[in-house]
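What follows is a short report on a single structure.
Lettering follows sequence order; numbering is per chain, from 1. No experiment lies behind these values; they were computed from the predicted model shown.
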Amino acid sequence: MPELPEVEIIKRSLLKMVIKAKIIDIKINNKNLRYKIPNNFSSSLIGEKILKIKRRSKYLIFCFKKKILLVHLGMSGKIFIIRKNYSTSFKKTFYHNINILEKHNHIYFKLNNGFYIIYNDVRRFGFLKLYKNTKIKQIPFLSKLGIEPFNKKFNQKYFQKFISDRKKNIKNLLLDQTFVSGLGNIYANEVLFESKISPLRGCKNLSKNEIRIIIKNIKKILKLSISKGGSSIKDFKDTKGISGKFQQFFKVYGRQNKNCSRVTCNNKIKKIKISNRSSYYCSECQS
DNA sequence: TTCTTTGTTCCGGA
DNA sequence: GTCCGGAACAAAGA
């Protein structure tokens, strides 16, 4: 699932390979993503040069001269950068030895530097939206977002001020994108495990030290994941290889009934639902 | 056929 | 007015 670290890795790959390139053709196989791709999508983008690529939370932002393309990968969205002759079928293409199923390649961007950008999405919960003559801060999806976790202003003072009149539990607080933007369910679980805090704790009852630890671990785990993801992409061997690498990294997510990752603990990881989202935690280590 | 998965939005109740 | 959580939504695989 693409969360902030995965999106950051994709952005870095794109920066290396397609920055300053011009879009010379677009092929749309399926318009029905989260939001339907409008009819003028291709004609609006063909001829445009990719001037900047940014990330905000889990959103990718492609900047053109007077247009912005906003991309959200949803649950299963992927972006492939590939060098391929347009006349050849993509059906049997391998990318880092991953077989790309043409069935789920919804949009191809052909660039003037020999590369294609492919938007692939099995579940089609992701979306691409084009904005004309709009500033990044004015885009509705981005204007409501809270602070980025790596921002220095995401600190103790900010945290304490935000929770002063909140009744939420800490798990829901971490998922609240107006509080901090970019944490998803997986990393919220991992951060709380690392911080030894129960996901059910009311955020108002957290001590100063616990808040300090949570902030530290958010930054630490996201950074670690970016470094792991970056290196593991190189090592991907096949689809099994991917899940293996990711599972290796998770200490609590998806580990219900398995032993707690802390060697000093003999407890089993519990799985509960908090606000309809799966929460994994150790009832011994996290309180 | 039903359940699960995600981020986002909407809505009713407090 | 604002906060909170539940439900709905998108699609597909198990």
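Contact check, A/His72 against B/dT8: a side-chain N or O comes under 4.0 Å of OP1 or OP2. An OP1 or OP2 oxygen of B/dT4 is reached within less than 4.0 angstrom by no side-chain nitrogen or oxygen of A/Ser278. Between A/Lys271 and B/dT5 there is a side-chain N or O to OP1 or OP2 distance below 4.0 Å. For B/dG7, the OP1/OP2 oxygens have a side-chain nitrogen or oxygen of A/Lys58 closer than 4.0 Å. Distances shown here put every side-chain N or O of A/Tyr253 at or beyond 4.0 Å from the OP1 or OP2 atom of B/dT5.
Counting only distance, with no hydrogens or angles, the side chain of A/Asn113 and the backbone of A/Ala21 share no donor-acceptor pair below 3.5 Å.
A tilted orientation is assigned to the rings of A/Tyr35 and A/Phe141, their planes being inclined by 30° to 60°.
In this structure, CG of A/Leu4 is placed 12 Å from P of B/dG7, rounded to the nearest angstrom. The distance between atom CD of A/Glu6 and atom C1' of B/dT6, rounded to the nearest whole Å, is 13 Å. Atom CG of A/Asn172 and atom P of B/dG7 are 12 Å apart (whole Å). Taking atom CG of A/Asp121 as the reference point, atom P of B/dT5 lies 18 Å away to the nearest angstrom. For the pair A/Phe127 CZ and B/dT6 C1', the interatomic distance rounds to 13 Å; values are reported in whole Å. Following rounding to the nearest Å, A/Leu128 (CG) and B/dG7 (P) show an atom-to-atom distance of 18 Å. The nearest whole Å value for the distance from the CZ atom in A/Arg56 to the C1' atom in B/dT8 is 16 Å.
Side-chain contact between A/Pro149 and A/Leu183: absent, with no pair of heavy atoms (C-beta onward) separated by less than 4.5 Å.
No side-chain N or O of A/Ser278 forms a donor-acceptor pair with one of A/Asn185 less than 3.5 Å apart. A/Asn112 and A/Lys49 form no side-chain donor-acceptor contact under 3.5 Å, judged by distance and modelled atom types alone.
At a threshold of 4.0 angstrom between heavy atoms, the contacts of A/Lys171 with the nucleic acid are absent. At a threshold of 4.0 angstrom between heavy atoms, the contacts of A/Asn185 are confined to the sugar-phosphate backbone, with no base atom among them.
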Stepwise ring-ring contact (aromatic ring centres under 6.0 Å, His included) test for A/Phe179 and A/Tyr158: CA-CA 9 Å; A/Phe179 169 60; A/Tyr158 169 82; 5.8 Å; yes
Per-nucleotide protein contact string for nucleotides 6-14 of chain C, where B marks a base within reach and S marks sugar-phosphate only (heavy atoms under 4.0 Å, - for neither): S--BBBB--
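Ranked by how close their nearest DNA chain B nucleotide is to the 5' end, A/Gln177 and A/Lys273 are led by A/Lys273.
For the salt bridge (charged side-chain N to carboxylate O under 4.0 Å, His left out) with A/Glu148, the qualifying choice from A/Lys58, A/Lys54, A/Lys153, A/Arg55 is A/Arg55, the only one to do so.
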